There are 2 protein chains.
Amino acid sequence: MAARMTRQRTAVVEALDELADFRSAQQLHETLRARGESVGLATVYRALQALAEASEVDVLRAEDGESLYRRCARREHHHHLVCRHCGRTVEIDGPTVEAWASKVAAAQGFDDIEHTIELWGTCADCRAASAG
Amino acid sequence: MAARMTRQRTAVVEALDELADFRSAQQLHETLRARGESVGLATVYRALQALAEASEVDVLRAEDGESLYRRCARREHHHHLVCRHCGRTVEIDGPTVEAWASKVAAAQGFDDIEHTIELWGTCADCRAASAG
DNA sequence: AATAAGGTGAGAATCGTTCTCATGACATCG
DNA sequence: CGATGTCATGAGAACGATTCTCACCTTATT
Ligand SMILES: [Mn+2]
Ligand SMILES: [Mn+2]
Ligand SMILES: [Zn+2]
Ligand SMILES: [Zn+2]
């Protein structure tokens, strides 16, 4: 239960706080390395796991299956619109889809509904940068 | 381009046609093995890949990251309500969410929008079987 | 049958993630 | 202080789904 605050965990949380976008464990590890905060890769994974379980970070799967982590502003349930090129993220509220999801599932006699709703696209900056 | 009809591809398609639920490549491989239709695992992956590209099968990611495949009745875009216990699947139409997704993304200046929308729950049969 | 274009499969290679285990940090108790 | 129990760390091994390699079959087509 404890969850001791160690130099390593502090470093991971701080790095997340400074980053606005979803990042992989390996990217975070590299970032920490680069600033001299040496933290083992396994430790980064463990810290992220703990944070995810405590709902302190959101996790989502990139198309290639890699897990991406982000410290969102909101603790409450929400979804994301993510740029697949730069990772830029917008938090999304979806009262409309929330209602739709539970209605549809109930109509089919399903219980304990969960939903996965994520939007991917190309942000304005990335569109401008790549073509015009 | 060709896409020759080989014994192996036929076997994969037939197996998919007989299964109502989402299955992994490895499960399909095992199923084929069990019925004496010997097909290499790599070939199963390649067949599923080709079918997915041709929109003949739908692919979704299980929570552990494994890809699951299903030959849906509908060829058009749709979503799924899946029982997390038995894999029972209901195809879902979502004009409401389709509209919501593109509106939200456009409002943020995003292009080339894609969305992931999947519903997970416990089907009526599984609820009845487990408790009451 | 000859041939070109694909397809196949056993095993190696990838790669993100998890596990192992010896070592280190910390708090508590006496 | 020194002993002790608990949790954390990290280098590298292990895992597991998927992809790649490459020598060898199949299938269309002529
Ligand atoms: Mn929601
Ligand atoms: Mn849709
Ligand atoms: Zn972008
Ligand atoms: Zn069920």
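Keep in mind that what you see is a predicted model, and the values were worked out from it rather than measured. Throughout, a chain's letter reflects where its sequence line sits, starting with A, and its residues are numbered from 1.
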d(CG, B:Asp64; P, D:dG16) in whole Å
11 Å

Select from B:Arg61 and A:Leu41 the residue whose nearest nucleotide in DNA chain D is closer to the 5' end of that strand.
A:Leu41

Select base, sugar-phosphate, or nothing to describe what B:Ser24 touches, counting heavy atoms under 4.0 Å on all strands.
nothing

How long is the line joining CZ of A:Arg7 and C1' of C:dG24, in whole Å?
12 Å

Within this structure, what is the CZ-to-C1' distance between B:Arg4 and D:dC25, rounded to whole angstrom?
11 Å

How about B:Cys72 and B:His80: do any of their side-chain heavy atoms sit closer than 4.5 Å?
yes

Using a cut-off of 4.0 Å on non-hydrogen atoms, how would the nucleic acid contact of B:Gln49 be classed: base, sugar-phosphate, or nothing?
sugar-phosphate

Kindly say if A:Thr6 contacts the phosphate of C:dA25, meaning a side-chain N or O under 4.0 Å from OP1 or OP2.
no

base_contact_polar (D:dT19 base, B:Arg46 side chain, donor-acceptor, <3.5 Å):
no

Taking the six-membered ring for Trp, are B:Tyr45 and B:His29 closer than 6.0 Å centroid to centroid?
no

Write down the distance between NE2 (A:His29) and P (D:dG12), rounded to a whole number of angstrom.
12 Å

Return no unless some side-chain N or O of A:Ser67 is found under 4.0 Å from OP1 or OP2 of C:dT17.
yes

Distance in angstrom units between A:Leu48 CG and D:dT9 P, rounded:
12 Å

What's the CD-C1' distance between A:Glu53 and C:dT18, to the nearest Å?
14 Å

Calculate the interatomic distance between B:Gln26 atom CD and D:dT19 atom P; express it in whole Å.
11 Å

When rounded to whole Å, the OH to C1' distance for the pair A:Tyr45 and D:dT9 reads 16 Å

Separation between NE2 (A:His115) and NE2 (A:His79), nearest 0.5 Å, reads 3.5 Å

Least distance between heavy atoms, B:Leu60 atom then B:Glu118 atom
CD2-OE1, 3.9 Å

B:Arg88 side chain to B:Ala20 backbone, donor-acceptor under 3.5 Å:
no

